[in-house]
Q: 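Before anything else, here's the structure in question.
Residue numbers start from 1 in every chain, and the chains themselves are labelled A, B, ... in the order their sequence lines are given, proteins ahead of strands.
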Number of protein chains: 2
Amino acid sequence: MPNNQFKKGELYSFITGKASTAIARRLQKKLNDAGLKLTIEQWSVLYHLWKEDGKSQQELCNATFRDKPSITRLVDNLEKLNLVKRVASENDRRINKIFLTKQAQKMQEQTMILAEETLNEALETVPLEKIEVCKEVLQIVYDNLK
Amino acid sequence: MPNNQFKKGELYSFITGKASTAIARRLQKKLNDAGLKLTIEQWSVLYHLWKEDGKSQQELCNATFRDKPSITRLVDNLEKLNLVKRVASENDRRINKIFLTKQAQKMQEQTMILAEETLNEALETVPLEKIEVCKEVLQIVYDNLK
DNA sequence: GGCATATAGTTGTTTATACAACTATTCAAA
DNA sequence: TTTGAATAGTTGTATAAACAACTATATGCC
């Protein structure tokens, strides 16, 4: 039993993602307070389009670790908010490419600042080298389970 | 900017809780495969009742980091599944104490084994001392934001 | 060319979350 | 003792996630 070092209470926090839930809630609050009508989940889709506009829905599935129906509905809602537009691909008509509107392009800087703020608040007082170890462990966990 | 060491891609993983999502999905799959009709969220409520039966809904809110409506509905569903029972408190009639049924009591051992299995799979190859650092960082993150 | 199969996306259903507004009960202070 | 505030829980509404079943288009093999 190589890694069975979890006392009961610690097991719970790992499974429920207490820390990342707290981070997401804090960022959501910052978005609300800034008057941005945007959920974290919508933000997470925009995030990948800011990196590269015109991704397909399938590419957004892979990038955000969501299934296809989830992305369909997030894109539905982002379209209603006038933040993205579906454009059928020329080459392959099964594919929708998703493009940011002007309005969404303008939101990038402000929301990224809020995201960085959130992480700085979350990691206040944590030494750099411990953050590095933590990032490394979380990546391994993800790789082990994917 | 003491802790602003996040490159863009890493920022994303921290906020979205990629690792804890993967852990929760893996445990959900194990519950399904074992034929247990139970969501992770329902499991997380039972978890605290297994530790101490008869907690109030408010105590379950605190223990699971959920708000009151979320607990109301989780308890609704657990009651429908015949896993818990609401019992009005004698002393204070505002309070519901939540008690496990026989059926739910019997599920503890099996699901705890699945949860530990999940974590062992998640943390395979991660050295103990790194797990300790990771737990510590996640706890500080939670404390910083709560 | 035609058919099986794979891929991209949508729809239906159930469960869960977050927030606001609400009811019921308790407590405390004038 | 009454009244106003605090506490416990519920209900309404919007958004999201997971899974299954579905449509439409593309691909590959005969």
Side-chain angles (χ1 to χ4, degrees), chain A residues 16-18 20-22 24-33 36-46 54-81 83-84 86-98, chain B residues 16-18 20-22 24-33 36-46 54-81 83-84 86-98:
Chain A
T16 56
K18 198 169 72 152
S20 59
T21 304
R25 283 180 187 155
R26 175 66 61 95
L27 176 54
Q28 182 69 69
K29 190 173 181 323
K30 281 179 188 285
L31 292 172
N32 296 343
D33 290 353
L36 297 168
K37 284 197 188 313
L38 200 61
T39 65
I40 299 292
E41 295 81 4
Q42 291 164 359
W43 174 85
S44 80
V45 171
L46 296 182
K55 281 194 161 80
S56 72
Q57 294 188 200
Q58 183 58 54
E59 288 170 327
L60 289 172
C61 292
N62 301 338
T64 63
F65 324 116
R66 290 182 171 87
D67 67 359
K68 291 190 290 180
S70 296
I71 290 295
T72 293
R73 277 144 184 160
L74 281 171
V75 171
D76 286 348
N77 285 336
L78 286 167
E79 258 190 339
K80 278 185 211 150
L81 291 167
L83 295 174
V84 304
R86 283 178 167 94
V87 178
S89 165
E90 291 287 308
N91 309 338
D92 185 338
R93 297 184 46 208
R94 292 171 301 181
I95 296 177
N96 289 336
K97 304 217 165 190
I98 312 301
Chain B
T16 56
K18 198 170 73 153
S20 58
T21 303
R25 282 180 186 156
R26 174 65 62 97
L27 176 54
Q28 182 69 69
K29 191 172 179 325
K30 282 179 187 287
L31 292 172
N32 296 343
D33 290 352
L36 297 168
K37 285 196 186 315
L38 200 60
T39 66
I40 299 291
E41 294 81 5
Q42 290 164 358
W43 174 85
S44 80
V45 171
L46 296 182
K55 282 194 161 81
S56 72
Q57 293 189 202
Q58 183 58 57
E59 287 170 327
L60 289 172
C61 291
N62 300 337
T64 64
F65 326 116
R66 290 183 173 85
D67 68 0
K68 291 192 289 180
S70 295
I71 290 296
T72 292
R73 278 144 184 159
L74 280 171
V75 172
D76 285 349
N77 286 336
L78 286 167
E79 257 191 337
K80 279 185 211 150
L81 292 168
L83 295 174
V84 304
R86 284 178 167 94
V87 177
S89 166
E90 292 286 309
N91 310 337
D92 185 338
R93 298 186 43 210
R94 291 172 301 183
I95 295 177
N96 289 336
K97 304 216 164 191
I98 312 301

Q: Could you say whether R25(A) or E59(A) is positioned toward the 5' end of DNA chain C, judged by the nucleotide with the nearest heavy atom to each?
A: E59(A)
Q: How many whole angstroms separate atom CD of Q58(A) from atom C1' of dA6(C)?
A: 12 Å
Q: Kindly indicate whether the side chain of K68(A), heavy atoms from C-beta on, has any atom under 4.5 Å from the side chain of I71(A).
A: no
Q: May I ask you to say what N77(A) touches in the nucleic acid, namely base, sugar-phosphate or nothing, with a heavy-atom cut-off under 4.0 Å?
A: sugar-phosphate
Q: Taking N32(B) as the fixed residue, which of K30(B), Q28(B), K29(B) is the one that meets the side-chain hydrogen bond (donor to acceptor under 3.5 Å, both in side chains) rule?
A: Q28(B)
Q: Please report the shortest heavy-atom distance between T72(B) and R86(B), naming the atom on each side.
A: O-NH2, 3.2 Å
Q: For D67(A) and dT15(C), what is the distance between atoms CG and P respectively, to the nearest whole Å?
A: 17 Å
Q: Can you measure D33(A) atom CG to dC19(C) atom C1' for me and round it to whole angstrom units?
A: 14 Å
Q: Less than 4.5 Å apart, any side-chain heavy atom of L83(B) and any of Q42(B)?
A: no
Q: Can you tell if the side chain of V84(A) reaches within under 4.5 Å of the side chain of L46(A), non-hydrogen atoms only?
A: yes
Q: Pick base, sugar-phosphate or nothing for Q42(A), based on heavy-atom distances below 4.0 Å to the nucleic acid.
A: sugar-phosphate
Q: Look at all strands and tell whether T72(A) reaches a base, only sugar-phosphate, or nothing, counting heavy atoms closer than 4.0 Å.
A: base
Q: Of all the heavy-atom pairs spanning A88(B) and N96(B), show the shortest one and how long it is.
A: CA-OD1, 4.2 Å
Q: Rounded to the nearest Å, what distance is computed from the NZ atom of residue K37(A) to the C1' atom of nucleotide dA18(C)?
A: 14 Å
Q: If you walk 5' to 3' along DNA chain D, what is the first nucleotide with an atom under 4.0 Å of a heavy atom in chain A, and what is the last?
A: dT15(D) to dA26(D)
Q: Between C1' on dA16(C) and CD on Q28(B), what's the gap in Å once rounded to a whole number?
A: 12 Å
Q: With sugar-phosphate meaning primed atoms plus P, OP1 and OP2, does I71(A) contact a base, only sugar-phosphate, or nothing at under 4.0 Å between heavy atoms?
A: nothing
Q: Touch check for R66(B), heavy atoms < 4.0 angstrom, all strands: base, sugar-phosphate only, or nothing?
A: sugar-phosphate
Q: Rounding to a whole Å, what distance do you find between K29(A):NZ and dC19(C):P?
A: 9 Å
Q: Distance alone, cut at 3.5 Å: any donor-acceptor contact between the side chains of T16(B) and S44(A)?
A: no
Q: Output the residues of residues 90-97 of chain A in contact with DNA chain D, where contact means a heavy atom of the residue under 4.0 Å from an atom of the strand; sort by number or write none.
A: N91(A), D92(A), R93(A), R94(A)
Q: R25(B) and F65(A): which non-hydrogen atoms are nearest, and at how many Å?
A: NH2-O, 2.7 Å
Q: Is the closest side-chain heavy-atom distance between K18(A) and T21(A) below 4.5 Å?
A: no
Q: Without decimals, in angstroms, what is the distance between L60(B) CG and dT17(C) P?
A: 13 Å
